[in-house]
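Following: one structure in structure tokens, then a few remarks.
Numbers restart at 1 for each chain; the letters A, B, ... are given by sequence-line order, proteins then strands.
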Amino acid sequence: MTLLDHLPIAPVVIPAMTAPLAMMLMRRHARAATALSLGGCVAMLVAACTLFGVAQDGAIRSYALGAWPAPFGIVLVLDRLAAMMLVLAALLATVVLGHALVTGADRRGWHFHPLFHFQLMGLNGAFLTGDLFNLFVFFEVLLIASYGLMLHGQGALRMKAGVAYVVVNIVGSALFLIALGLLYGLTATLNMADLAVRIAALGTADQGLLRVAGLLLMTVFALKAAVVPLHLWLPRTYAATMPVVAALFAIMTKVGVYAMIRTVPLIFGAQAGAAAWVPAPYLLPAAILGAVVGFVGVLAARGLREQAAFAVLASTGTLLMAVASWRAATLAAALYYMVQAVLAGAALFLVADVTMRRRGQYADALVPSPRFAGQDAAGLLYLAAAIGAVGLPPLAGFVGKLLILDASYATPGWPAVWTTILVTTLIGVIGFSRSGSTLFWKTSAADADPIACPARAHAEFIAPALLLAALAALTGAAGWMTEQTRATAAQVMMPVTYVTAVLGAAR
Amino acid sequence: MSLEFLVASAIAVLVAGGIYLALRGRTFQVVLGLTLLSYAVNLFLFAIGRLIVDRPPLYAKDVTAHADPLPQALVLTAIVITFGMTALTVILSLRSFLESGSDQVDGLADPDAEEPA
Amino acid sequence: MALLTLISLPFVAAILLALARHATRGVHMLIAGGASAGGVAVLLTQAGAVLAGRTPAVRIAWLPALGLDLSLWLDPLALLFAALILGIGFLVVLYAQGYLKKEEPTARFLSFLLLFQGAMVGIALSGNVLLMLVFWELTSLPSFLLIGFWRDRAEARQGARMALTITGGGGLALIAGMVLLGKAAGSYELATILSRAAQVQASPLFPAILLLILAGAFTKSAQFPFHFWLPHAMAAPTPVSAYLHSATMVKAGVFLLARLWPVLAGTEWWFVIVTAVGLVTMIFGAGVALFRHDLKAILAYSTISQLGLMVMLLGFGTAAAVTAAVFHILNHAAFKAALFMHAGIVDHETGTRDIRRLGGLAALMPLTATLGVLAAAAMAGLPPLGGFISKEMMLEQSAHTAWAGQALLVPVLATLAALLSAAYSLRYAVALHFGARRTAAMAAPHDPGALLLAPPAVLVGLALALGLAPMTLAGPLVAAASAAVTGATRPALHLALWHGVNPALLMSLGAVAVAVLLLWRHAAVAAAVARLPAPDAKRLFDRGMTAAVGALRQLSGRLHAASLQRYLTVLFLVAIALGSEAALRFGITPGARATTPASPVAIVAWVALVAATGAVLAIDRRRYLALIFLSVIGVVMALAFVHLSAPDLALTQIAVEVVTILLMLLALHLLPGNPPRLSGVTRRARDGLIAAAGGLGTGWLAWTIMTRPERAGVSRFHWDNSYAGGGGTNVVNVTLVDFRAFDTFGEITVLGIAGLAIYALLEPAAHGVAGRRLRQWRSRDRFSPERHPMMFVMATRLLLPLALLVGFYIFLRGHNQPGGGFIAALVFSIAILQQYLASGFDWTDVRRRIGEHQLIASGVLIAVATGLGSLLFGAPFLTSSFGHFHLPLIGDFELATAMLFDLGVAAVVVGAVMMALAQLAHVAQRAAKNDGDAAA
Amino acid sequence: MIDLALHLAAGAIALAVLLNLWRLLRGPALGDRIVALDTMVINAIALIVLIGMIGGNDTYFEAALLLAMVGFVSTIAYCKFILRGDIVE
Amino acid sequence: MRHVLPHPALSAMLLIVWLLMANSITIGGVVLGGAFALILPKFTQPFWPDRPRMRFGRHFLGYLAIVLLDIVVANFQVAWLILFRRSRDLRARWLVVPIDLTTPEAITMLAGTISLTPGTVSADVSADGRFLLVHALDVADEAAEVARIKRRYEARLHRIFA
Amino acid sequence: MSVIADIVIVVLLLLGAGFALIGSLGLVRLPSTMERLHGPTKATTLGLGALLVASVVYFRARFGVWTAHEALISLFLFITAPISANMIAKVHLHRLRTGAISEPDSIAGPPPRPGGDGEWATFEAPRRDTPASTANS
Ligand code: NA
Ligand code: NA
């Protein structure tokens with residue numbers, strides 16, 4: 001094996017080494033730890049991009065950890081979907097980390113850097129693993145790291161919200177284990193490809209249990225993805241945490257979506273009997289509700305962070321509407337939308353961060369304040385982020401929505417999908433325009449002195465601007481990107497390839 | 001009365017107790033609930049390997065009947081993770097109480113909660 | 001290339017302006033004006049070819065998956081529009097330079113303006129309907145920003161939001177319509193769509209397509225009943241009104257109707273809707289305009305009316321009507337932009353726009369007045385201005401149009417509209433410029449400088465020229481554009497002031513006559529009109545929005561209230577509901593596997609477990625006792641694992657139990673004692689039902705699984721390869737450190753992270769509010785003064801080395817017998833924790849050698865390094881190797897890399913456990929010390 | 001005969017566990033409950049030893065050993081909580 | 001020697017415990033156990049600052065024998081009490097045992113012995129360490145019982161902890 | 001050999017289990033906390049001790065292997081059981097002193113004071129430089 005063959009492990013190993021090293025360095029050599037952290041992030045980005053390049057040939061690569069063949073050991077599976085998610089996560093992480101360093105958010109509590117990298121390790125592991133129990137484990141890694149990051153900093157509100165976030169997710173993990181247990185009890189395997197094969201062979205007597213397992217598993221993923229009505233935890237959690245952390249969390253709900261996209265076509269595809277396309281009857285209505293609840297929340301929010309949180313909900317709803325029909329075409333659109341939604345959501349949070357640092361006591365409350373330093377620049381960024389989140393040209397959200405409209409045409413329930421997308425976009429436009437004009441146009445006292453704030457580096461604007469630039473780039477490169485998502489969706493919807501790649505042609 | 005029935009009903013009792021406590025209003029009750037729930041889940045995960053008495057999965061050449069080792073490994077992993085989560089939850093509840101003066105999960109203060117000067 | 005230049009010039013200029021925002025105004029004007037002029041120049045280079053019948057086009061693949069290409073073309077209609085946009089744009093830039101005050105940020109203003117210009121040019125040039133949508137939506141943003149340019153004014157912000165809401169909403173409908181149109185036509189390329197009228201009109205989707213597209217067009221073009229945003233958009237600076245809200249943006253809707261005319265027009269639906277809306281808007285707008293007093297409001301409503309006119313003409317569905325519409329687009333652009341500029345000058349010079357407070361300006365500012373009167377005359381449709389000709393054409397077309405069998409209905413209404421138009425135009429011309437001198441604020445208004453005067457002068461000149469020499473100036477363009485709209489051959493066009501005496505002329509004369517009469521009695525009529533109940537659209541809109549936002553805010557707030565109990569209730573209910581669904585639909589029945597009879601011991605253990613669970617539930621608020629019962633459950637679990645062949649699990653359970661209890665007791669100490677109950681009987685009953693359902697469901701699942709025969713699965717392989725391939729006989733342990741070492745790797749990471757998070761939670765707890773609360777914390781109980789009971793202390797000193805020894809033993813044998821790194825680590829931890837318990841925090845802490853941070857970090861690193869080690873041998877991550885060795889004297893022993901991995905596991909576990917417990921124990925003490933420091 | 005004795009012994013210990021449980025539920029003093037729990041742990045050790053004998057393998061020995069070694073830690077902690085509130089000081 | 005082997009008795013005990021755990025006596029086991037027996041006392045020395053000197057000779061073994069014997073006997077006595085004596089007929093008493101032992105280790109051992117023999121439980125030590133509070137389940141003569149404890153156990157412990 | 005061993009095993013098993021049961025019975029039957037504390041001592045000493053010896057003999061007789069590690073369980077219990085009893089007694093004394101309800105007196109009555117001017121350690125912190133003070137307190 002060449003070193004390149006081992007590369008699939010890099011996205012897990014790099015943060016797994018960066019985190020403890022940063023932890024050791026933190027106390028005595030804070031600067032070195034910071035540099036290491038950033039370096040680790042960049043290294044991960046490089047690894048992710050390389051893997052993305054590797055996955056371009058359309059082959060699915062299986063990496064057998066411990067040299068134990070699938071399905072007996074744990075395998076990492078590098079396909080287009082995994083590669084795409086890795087790049088997205090690494091990209092987001094690098095920008096967010098940069099922002100945290102520039103704003104000093106990493107020094108507002110303990111262990112930001114180790115927790116940050118452990119979070120990435122969890123994400124990357126979840127994207128790469130080909131084993132259902134291992135997916136659980138990496139879910140736990142990313143969750144517990146997210147607890148730590150979510151609580152980073154101080155405050156009673158954050159703690160209370162943290163308790164709810166943690167408890168809900170622990171219950172979710174319990175459900176995950178029950179679902180996993182059922183699947184193992186039925187099939188005696190944990191490897192996803194093997195599960196696909198064995199589930200297809202289950203007899204009639206087992207169909208009920210199989211369906212329960214599938215539905216419970218989907219419930220867990222839906223909880224992580226904050227699918228209505230399992231979304232209730234999200235707004236408070238994301239609004240209560242530090243915006244820079246919330247920006248990283250923009251990808252967390254999408255992990256739930258990822259897990260659905262990974263498991264449903266593969267394990268619960270057409271061959272799965274009673275569990276065929278298991279979330280199908282419920283996902284579309286839930287997604288529609290999610291988009292509505294999300295954009296209504298954008299309109300109803302009382303603070304920027306809360307608004308951004310609802311925008312994240314809304315984007316999940318929107319993209320799940322496309323996912324729900326389980327076709328390659330809609331899935332491709334959904335993937336494009338997902339990528340841009342992650343960046344747009346993160347951008348919103350970072351803009352919220354920049355804004356609230358400059359508004360003093362007014363923080364991110366959606367009430368007029370006296371003028372503040374950098375108001376115009378922040379306003380412009382907010383405008384752009386809002387455009388991205390709501391899906392107007394020239395940013396990628398618009399393209400994403402067009403893609404979803406186009407692809408979902410004539411799928412079951414498409415009029416509802418279309419109506420929802422269009423109406424919720426309008427609600428979002430109204431919401432963002434109201435809050436934007438309140439924050440950046442209206443002043444509580446026009447002639448009052450601007451809010452005094454210590455000289456802020458313009459560098460604070462860089463990270464959100466970069467994310468927005470990425471959104472613009474996604475628009476410009478929409479052709480290339482949709483080609484990627486199309487190929488990815490096609491690969492996902494052809495589980496045979498996956499199964500063969502993991503288990504070998506013999507099966 | 002079979003072992004299977006005992007285990008299944010124990011799972012039922014633990015889950016019910018866990019759910020009930022998790023739905024209560026104070027952090028400590030919720031922690032208790034989560035603990036019961038995790039017992040139940042561990043037992044469940046264990047039970048899916050089917051129940052086998054006195055055949056621990058210790059390899060020996062001529063042994064054929066043995067408990068399924070894999071669910072045991074899974075439960076071990078689950079126990080460890082649960083422990084980490086429980087520890088964090090307990091301490092988070094405490095910190096939350098210290099910050100807000102209330103141990104209610106939903107943020108309401110008790111009438112007699114003392115406020116620090 | 002020319003098209004690409006055309007489309008990119010404004011955007012490039014906008015970016016340049018943003019970059020050069022600190023440069024002088026002159027530079028700003030140069031950039032903006034240059035871009036517009038450059039655009040016009042490019043157009044001129046193409047005009048000849050276009051009018052000669054060639055259509056320059058460019059198509060660059062952008063999003064092939066969607067059929068969205070950067071497809072641009074310049075047909076005569078596009079040429080007409082682009083010329084308007086760029087030409088008037090150039091004039092507006094000049095005008096704005098004179099209009100904006102010194103301190104206002106011209107760069108920002110102009111960059112928004114050019115952004116808008118670019119989007120508009122894009123609409124005009126789009127050869128792909130999706131591309132057109134992109135530009136269409138893109139116009140909303142600069143419009144929003146420009147209306148809200150004076151952001152401190154409430155009406156500006158509200159006007160901006162309203163415009164965005166209405167046109168944005170329409171735009172979204174348009175998206176749906178366009179995509180459907182593309183679906184019906186099988187392509188998003190405009191040329192293709194236009195050639196497939198029959199196919200589109202035959203589609204069952206056609207009514208939907210039409211309605212959605214019309215919704216987009218009507219909102220943008222302020223057609224009744226979507227008109228009301230336009231008057232409020234007048235809060236924008238006047239150059240914006242002149243540009244966006246008279247000459248260009250509002251015409252985008254008209255343009256769209258014209259653009260899609262071949263596919264949409266000619267159907268009954270089209271005729272009925274478009275004509276009716278246009279007619280109503282035309283009359284309504286004109287009627288309102290007559291009784292407004294704000295100059296810009298008059299112009300705004302007149303714009304609404306004139307747009308209605310164009311829409312109506314397009315609705316007629318005849319080629320001749322299209323020609324009239326196209327010519328009127330041109331005329332209206334000229335005179336209306338001029339009028340807005342004129343109104344801006346008046347406002348600028350007199351400080352008011354209230355027509356009632358103005359009069360006799362002709363004498364004060366003759367040049368301005370001349371322009372105003374001429375432009376108003378064009379709007380009134382008086383000869384010899386271009387407006388006259390297009391109005392005549394309109395009346396002519398109306399005269400030939402029958403509505404629902406009524407030949408007179410349309411002509412009469414059209415005449416009424418012409419009448420009202422003439423009336424408000426004449427009012428504007430007369431009341432403002434003639435009669436008594438009334439100038440509100442400023443003492444001596446006078447003609448402004450060239451920058452403000454030249455642009456309207458050019459436009460008025462154009463309006464005049466369009467009347468005097470229509471064929472020379474506009475003939476070919478109008479003919480070509482009309483043909484482009486209808487898709488037919490060019491009409492035989494005859495534009496002239498005099499067409500002889502025909503019905504149109506008579507209608508026109510009558511209209512003007514009555515208009516003069518009406519104006520003569522204007523005051524009385526206005527008073528009467530003022531008494532009519534008039535719904536204020538803005539108030540309705542605002543009130544509606546406020547109410548809706550308020551309601552939604554309340555709904556959303558209530559739905560997302562901070563309630564963990566609700567989150568969990570929903571989660572449990574969803575899980576139960578989904579489980580029941582599967583059970584009801586497919587049935588979940590037990591299998592045929594023989595059950596194992598339960599021994600009395602098992603039954604007793606079960607009784608203990610159930611009783612303890614019940615006790616925990618019954619006394620859940622007496623936390624200490626609840627913990628004791630929790631311990632009972634833990635003991636039963638351990639026994640069950642022993643009984644059911646899981647010694648590793650039993651060991652783990654026993655050790656974890658102890659640590660958990662310690663942890664909970666530590667926390668419990670600081671939590672308030674015996675709290676009151678929170679939920680009432682109903683609530684508890686409801687929760688009880690949920691709990692019962694969840695419990696029964698899960699129990700049933702367990703039962704049905706356990707009673708199924710086991711299947712041959714992957715663990716068969718684990719069993720077979722445990723010793724041969726993994727080097728250990730404890731298959732569970734080999735699974736953990738070898739087959740599934742990656743799980744274990746993740747699992748210890750979880751523990752390590754828990755340690756970090758706990759540290760991050762507890763370290764700051766001694767400060768701030770938490771610290772204060774800690775220091776003020778007093779127990780309600782009385783305590784024994786004895787800190788370190790002698791017997792206990794003595795016993796732990798002996799137990800420490802013993803326990804450590806046991807720990808090492810369990811660690812070393814784990815690979816082959818029950819045990820392993822995790823359990824060993826717990827034993828180590830408990831051994832040290834005993835010391836803490838017995839001898840206190842400080843005493844123990846100083847004697848401990850290694851910090852938790854180092855333990856966790858090095859543990860993870862050891863695990864990673866072990867995993868990476870195999871890479872050196874070309875084997876995948878975490879590949880283990882082992883060997884049996886023989887040393888003289890010592891005998892056979894085994895070394896496995898998996899044990900190194902297990903060492904990492906142990907380090908992390910000890911670190912995390914100690915972190916949690918020692919830090920927790922530390923909190924109270926440190927708070928007390930802080931207290932002392934603060935006092936000192 | 002030995003099997004019978006083993007099951008008899010196990011039954012006796014099970015009965016003992018039931019008695020412990022009764023005291024545990026009944027109280028009334030806190031000390032009573034702690035003693036009951038402590039005794040239950042001892043009985044559990046006995047049961048583990050018996051289970052090992054019944055099954056004829058000594059794999060469970062460590063479980064019994066561990067219980068004997070750490071079971072008392074929770075007993076002490078429970079006591080110390082009552083005596084001092086803070087179990088580590 | 002003290003440097004390498006700070007506490008030979010403890011080391012010996014650890015080695016024995018190791019061999020017991022391993023349940024076999026092999027050279028490898030002895031080497032490994034011996035290593036731990038050497039390392040652990042050193043490693044844990046800070047936790048037991050002044051380990052008392054004890055003699056593990058004849059006196060110690062004798063003491064062990066006596067205690068084991070007493071445990072067996074007392075077990076039967078107490079079993080009889082539990083089974084057949086009615087509660088109200090129990091002659092439960094508190095005993096205050098004055099002690100002459102001076103090291104906490106020795107006192108602990110005494111108290112432990114008392115507790116291990118059924119029928120008596122060491123409940124507390126006085127704050128000055130000179131008295132032991134013992135609860136006895138059934139005694140006729142308190143003074144005699146105190147004397148028995150002192151004579152039978154404390155005296156022997158004196159010799160062990162010389 | 002085998003018959004004798006069997007008899008020994010049976011006797012030890014019944015003896016051990018019997019004592020464990022009687023200990024727990026005492027926990028139920030004896031009148032108050034202090035008395036009940038005496039019961040478990042049987043379970044830990046002779047009860048478990050007999051069972052462990054039975055186990056040693058049993059494995060020797062049945063499988064021909066000597067197991068001795070059972071002794072370790074006894075060793076640990078001998079170290080820990082008195083501590084548990086001591087601590088529980090302290091809890092009882094403390095709760096009695098602080099007048100906790102549901103903490104009945106022993107039938108031996110209230111505990112006497114120690115000789116001298118001191119108090120029991122539960123009521124008074126151990127004095128420095130006395131045998132009751134461990135080095136660190
Ligand atoms: Na391996
Ligand atoms: Na005891």
Side-chain angles (χ1 to χ4, degrees), chain A residues 1 6 9 16-17 20 23-24 64-68 71-74 109-111 114 118 134 137-138 140-141 144-145 148 164 168 185 188-189 207-209 211-212 215 219 229 232-233 235-236 274 296-297 300 392-393 405-406 409 418 422 425-426 429-430 433 437 441 446 478-479 482 486, chain C residues 62-66 134 137-138 148 151-152 157 161 164-165 168-169 172 176 179 183 552-553 556 560 562 564 567 570 574-575 578-579 582-583 586-588 705 711 713-714 717 738-743 746 749-750 753-754 756-757 759-760 763 857 860-861 864 871 874-879:
Chain A
M1 283 177 105
H6 293 297
I9 195 67
M17 293 181 71
M23 191 173 153
M24 284 173 151
L65 290 156
W68 297 110
F72 310 114
I74 295 173
W110 282 95
H111 296 320
F118 278 133
N134 196 241
V137 170
F138 277 100
E140 297 303 301
V141 172
I144 197 159
V168 164
T189 192
Q207 295 300 318
L209 279 173
R211 186 164 176 83
V212 174
L215 283 172
T219 306
L232 294 170
W233 58 271
R236 182 160 69 133
V296 164
L392 289 182
L405 290 178
D406 180 75
Y409 173 73
W418 280 38
L422 297 172
T425 303
L426 181 62
V429 167
I430 296 172
S433 64
S437 64
W441 284 357
T482 48
R486 191 201 56 73
Chain C
W62 176 16
L63 223 175
L66 186 57
V134 171
E137 289 294 305
L138 201 50
R151 55 199 187 185
D152 288 327
R157 296 193 297 267
R161 286 208 304 260
L164 184 66
T165 306
L172 293 165
V179 178
K183 292 291 179 192
L552 290 176
R553 182 168 283 177
S556 179
H560 299 102
L564 171 64
Y567 307 166
V570 171
V574 166
L578 290 178
F586 295 93
I588 298 176
I705 280 283
R711 293 193 159 81
V714 290
F717 176 92
D738 204 335
F739 300 121
R740 298 188 67 88
F742 202 52
D743 276 347
T749 314
V750 169
I753 300 167
L756 290 186
Y759 185 83
E763 211 283 335
V860 173
L861 284 174
V864 178
L871 264 58
F877 189 69
L878 283 174
T879 305

Validation row: [X], [Y] side chains within 4.5 angstrom (heavy atoms):
X         : Y         : result
Phe118(A) : Leu756(C) : yes
Arg740(C) : Phe72(A)  : no
His6(A)   : Phe877(C) : no
Lys183(C) : Asp406(A) : yes
Leu65(A)  : Pro876(C) : no
Asp738(C) : Trp68(A)  : yes
Arg161(C) : Ile430(A) : no

Among [options], which residue has the highest count of heavy-atom pairs closer than 4.5 Å to chain C?
options                                   : result
Arg486(A), Arg211(A), Met24(A)            : Arg211(A)
Gly479(A), Pro20(A), Gly148(A)            : Pro20(A)
Leu422(A), Val168(A), Thr425(A)           : Leu422(A)
Gly73(A), Ala164(A), Gly297(A), Pro235(A) : Ala164(A)
Thr482(A), Ile74(A), Leu215(A)            : Ile74(A)
Val429(A), Leu392(A), Leu209(A)           : Leu209(A)

Can you tell me how far the [atom1] atom of [X] sits from the [atom2] atom of [Y], to the nearest 0.5 Å?
X         : Y         : atom1 : atom2 : value
Ile753(C) : Glu140(A) : CD1   : CD    : 10.5 Å
Phe138(A) : Asp743(C) : CZ    : CG    : 8.0 Å
Gln207(A) : Ile588(C) : CD    : CD1   : 11.5 Å

Option in [options] with maximal non-hydrogen atom pairs under 4.5 Å from chain A:
options                                   : answer
Gly169(C), Ala65(C), Ala176(C), Pro64(C)  : Ala176(C)
Ala757(C), Ala583(C), Gly746(C)           : Gly746(C)
Val570(C), Val860(C), Leu63(C), Thr165(C) : Leu63(C)

- Message: So, using ring-ring contact (aromatic ring centres under 6.0 Å, His included) as the criterion, who are the partners of Trp62(C) when residues are at least two apart?
- Response: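 So Trp62(C) forms no ring-ring contact (aromatic ring centres under 6.0 Å, His included) with any residue.
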- Could you walk me through whether Val179(C) and Tyr409(A) pass the side-chain contact (heavy atoms from CB on, under 4.5 Å) check? CA-CA 9 Å; Val179(C) 178; Tyr409(A) 173 73; 5.8 Å; no
Portion of [X] that has a non-hydrogen atom of chain C nearer than 4.5 angstrom:
X         : value
Trp233(A) : both
Ala16(A)  : both
Met17(A)  : both

- Aromatic ring proximity Trp110(A)/Tyr759(C), centre distance under 6.0 Å: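 Centroid distance Trp110(A)-Tyr759(C): below 6.0 Å, so yes.
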- Just by distance, do the side chain of Arg151(C) and the backbone of Trp441(A) share a donor-acceptor pair under 3.5 Å?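 Side chain of Arg151(C) to backbone of Trp441(A): no pair is present.
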